Amino acid sequence: MLEVNLPDGSVMQFSRRVRAIDVAEAIGPGLAKATLAAELAGRIVGADSYLPDEGTVDLRLLTRKDAESLGVMRHSAAHVMARAVLRLYEGVELAFGPTVENGFYYDFALEEPISEADFPKIEAEMARIIKENEPFERIEEPRDRAIQLCRDLGQQLKVEHIEQGLRDEQTVSFYRQGEFIDLCRGPHLPGPAAIGAFKLLSVAGAYWKGDASQRQLQRLYGTAWFSKQDLEGYLKRVEEAKRRDHRVLGKQLELFMIDPDVGSGLILWLPKGAMIRRELEGFIYQKLIEHGYQPVYTPVIGRVQLYQVSGHYPYYADSQFPPIDMADGDRYLLRPMNCPHHITIYRSKPRSYRDLPLRLAEFGTVHRFEQSGELSGMTRVRGFTQDDAHIFCTEEQMAAEFRGCLEMTQSVLATVGLHNYRVRLSFRDPHSDKYVGDPATWDRAEASLRQVCEGMELPNLEIEPGEAAFYGPKADFIVADCIGREWQLGTVQLDYNLPSAERFGLEYIGPDNQPHCPVMIHRAPFGSFERFIGMLIEHFAGAFPLWLAPEQVRVLVVSQKFESYGLEVERQLRAAGLRATGDYRSEKIGAKIRDAQMEMIPYMLVVGGRETASRTVAVRERRRGDLGVMPLDQAIARFAQEIATKALPDPGDSRN
RNA sequence: GCUAGCGUAGCUCAAUUGGCAGAGCGGCUGAUUUGUAAUCAGCAGGUUGUGGGUUCAAGUCCCUCCGCUAGCUCCA
């Protein structure tokens, strides 16, 4: 006897062996027809999955109304695509074909390159397979028979996967649909009919098992939805999101440029972008002073030997600009990071425990030779400036210092209204040998960081083994760009390595009058100005809050007759510290407003005959429109207040 | 770096099968003197990313290099 608990609280009893679909059938034929999968005791399974013979079990039947079915459907869509590719090409070996956010992919090994021009014929074949509507059937096989089956199918990659990846499994599962059989954990739809609308999106290379030393496969990306409207909605959202792209807006709003004559991945900050950066620099600088940091300046190059001692030169040799060889044999490296210079300052005199924590800060420009395929706008570049600082402290001070860094990063993100981030606590991969330092120290550091982080309100905090730097664990603040790629912004990193005797041998004299080794924290709340501002452009869709806007106010004269009053208004705005210009062209006021709107200028001051006579201005706000006429002093006070509070723009603007 | 795609005026894009390189915006000049998202007219603007090849003829086809885009790998 089996008792099945359904989500509505009802209980059904079965004395025979039943599948999820049989339960649906018992409730009603309509539900049976709509059932795409099931959640059985908290696990998503196929509708054809058997329930236990006896006992009590929770069951949820999933239809297209349940979010979980979308993933199941997309996985089936991946199988349909693989089946179509097998029909159309000779000698195809299947690799992996999982679902991803908003879609799916499948990796294929085949000689003939697939290009986007081939998509229509693959899509047509997929449509044919969906129309044929053959069911997906689950087959379980013991491992030796499974290996033989894959051999017979000519699927060597699957043979390898069963032998290595699945070496602990006694039986493995396959899914069959017509002539197509694929090693697969599932679950799948009962049949392909629920794949209402799909589209192939792109093809790209991908390495077998993500290992660049392995052979490269062809990865086909697709998206699938229950309805055509859903698909269209998705494609539209993607288009909309691309309008926020910082590379597009950066060009449109003249914030920055990149030119091959200067070099790939090297940012030229245009006046307007530079203004945003100056504001952010001022903002963080003030915070640094408040929190006891001491600014320093150090050069952008240093002797190679310095980086040999730090370990960065040997460890990252191929992602650095090669050393500069001098005639006298000296070699200099364009610095890939700032810490060795700050360490040199620390070492310049004996330090006492009374001096700690010592916090040395610098907006340090560094250069790294990133692979050409990695470069991307301002988010991945070859030259960038970190809002860097290094804290030298005692082991006892470490937790509080680390926490302070996390808090500063949080406060920075909150100030600009970036709430949609996650925090990744990056620990070492215990199975890898790429880390320096002894495991006991690592364990201690990781435990301590974990305690600090878990004692704070950090959104979506997750521990990710294998993401640590080679010298220590870290906490990274991660945000997604307009097309969903994640980027690390702020970071706080613990370092027991560089201060150690094997590296720079840093010391301080403790209360016991004995030398001790300090702990180092590397931290950068923005990460780099380039990447942070790139993300900020997308976050605000180019419409910056008043305190950051490169041009804050524009005076628009109704006709050139009012130019002299306009100039006076402009002068007074600038005298009040506002970034203001005036538009005195012989255009109609509507055209001037439109231009200012498109340049995303927060405030426009319209002045004509009435304003000139009454010494007032007509204030227009970019989002809310005409705010009415007021004395200039009142407008200036309003702007000053908005700047002082770093007020954020209202969300939900329909126009931009 | 690897796989696929792309590169035409300052910007966004067009150019049929290989057959006279074009439009809008922007710029400049002139007219207009304007009241809350585009006033009108005229003019200028190009070795079609680079170098080579095929052809009577190349923006279009082939090769090299450079750059960009998506993905993979990497990311101190």
Side-chain angles (χ1 to χ4, degrees), chain A residues 100 105 107 113-119 201-221 242 245 247-248 251-252 254 258-261 263-265 307 310-313 315-316 318-320 335-340 366 368-377 379-381 386 388 467-472 474 476 483 485 487-488 491 493 495 497-498 522 524 531 556-563 584-598 604-611 618-622 625-629 655-656:
Chain A
V100 290
Y105 68 78
D107 287 345
I114 296 177
S115 84
E116 288 180 26
D118 303 319
F119 287 3
L201 298 176
S202 62
V203 55
Y207 299 103
W208 171 235
K209 296 196 169 170
D211 182 346
S213 68
Q214 300 265 19
R215 71 163 145 161
Q216 193 162 30
L217 310 169
Q218 300 192 62
R219 175 172 297 178
L220 277 180
Y221 281 91
K242 280 184 186 160
D245 191 317
R247 292 165 297 191
V248 174
K251 186 180 275 185
Q252 232 169 63
E254 298 184 348
I258 301 168
D259 191 292
D261 287 344
S264 294
Y307 302 93
S310 75
H312 294 106
Y313 180 67
Y315 196 89
Y316 292 105
D318 53 359
S319 48
Q320 285 163 4
R335 72 174 169 191
M337 45 186 357
N338 306 307
C339 32
V366 298
R368 300 177 183 173
F369 193 79
E370 305 287 0
Q371 301 183 76
S372 59
E374 294 303 340
L375 300 174
S376 176
T379 44
R380 194 80 187 265
V381 292
Q386 301 170 311
D388 208 0
E467 292 295 323
F470 74 95
Y471 50 72
K474 55 178 181 156
D476 299 319
I483 55 173
R485 289 181 297 207
W487 299 98
Q488 173 191 315
T491 182
Q493 316 188 347
D495 189 348
N497 174 49
L498 288 181
H522 310 242
R531 184 178 285 177
L556 310 179
V557 291
V558 170
S559 96
Q560 289 175 315
K561 283 187 282 192
F562 311 111
E563 177 166 347
Y584 308 107
R585 294 174 302 165
S586 71
E587 290 286 350
K588 287 168 60 166
I589 191 70
K592 295 181 185 182
I593 288 171
R594 181 168 191 272
D595 288 344
Q597 291 280 152
M598 304 237 288
M604 288 151 259
L605 298 186
V606 177
V607 298
R610 300 195 288 273
E611 290 78 13
V619 180
R620 182 187 165 97
E621 204 261 352
R622 217 190 110 259
D626 194 352
L627 300 183
V629 176
R655 272 207 133 106
N656 287 301

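Just so we're on the same page: letters track the sequence lines, and every chain starts at 1. Just so you know, these numbers come straight off a predicted model, no measurement behind them.
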Looking only at the side chain of A:Ile589 (C-beta and beyond, no hydrogens), which of the listed nucleotides B:G35, B:A76, B:G71 gets closest?
B:G35
Does A:Asp211 pair with A:Lys209 as a salt bridge, N-O distance under 4.0 Å?
no
All N/O pairs under 3.5 Å across the protein-nucleotides 46-52 of chain B interface:
none

In Watson-Crick or G-U wobble terms, both distances under 3.5 Å, what is the partner of B:C61?
B:G53
Would you say the base of B:C74 and the side-chain of A:Arg368 have a donor-acceptor pair closer than 3.5 Å?
no
Rounded to whole Å, CZ of A:Arg380 lies from P of B:G67 at a distance of 17 Å
Would you indicate which nucleotide in B:G71, B:U36, B:U39 comes nearest to any side-chain atom of A:Arg485?
B:G71
Would you compute the distance between atom OH of A:Tyr307 and atom NE2 of A:His312 and round it to the nearest 0.5 angstrom?
9.5 Å
Kindly point out which of B:G1, B:G35, B:U39 is positioned nearest to the side chain of A:Gln371?
B:G1
Nearest to the side chain of A:Arg219, which nucleotide is it out of B:G71, B:A38, B:U36?
B:G71
Under the 3.5 Å rule, do the base of B:G71 and the side chain of A:Tyr207 count as making a donor-acceptor pair?
no
Is there a side-chain contact between A:Ser264 and the phosphate of B:C68, meaning an N or O under 4.0 Å from OP1 or OP2?
yes
Which letters describe nucleotides 25-33 of chain B, given B = protein heavy atom under 4.0 Å from base, S = only from sugar-phosphate, - = neither?
------BBB
Report yes if a side-chain nitrogen or oxygen of A:Lys592 is closer than 4.0 Å to either non-bridging phosphate oxygen (OP1 or OP2) of B:G35; otherwise report no.
no
Kindly indicate whether the side chain of A:Ser319 and the base of B:A76 share any N or O donor-acceptor pair separated by less than 3.5 Å?
yes
Atom CD of A:Gln320 and atom P of B:C74 are separated, to the nearest Å, by 18 Å
Between N or O atoms, less than 3.5 Å apart, protein on one side and nucleotides 3-8 of chain B on the other: list the pairs.
{"residue": "B:U3", "atom": "O4'", "partner": "A:Gln216", "partner atom": "OE1", "Å": "3.2"}
{"residue": "B:U3", "atom": "O2", "partner": "A:Gly205", "partner atom": "N", "Å": "3.2"}

Between A:Pro336 and A:Ile593, who's closer to the 5' end of RNA chain B by nearest nucleotide?
A:Ile593
Can you check the A:Tyr105 OH to B:A70 C1' distance for me, whole Å?
15 Å
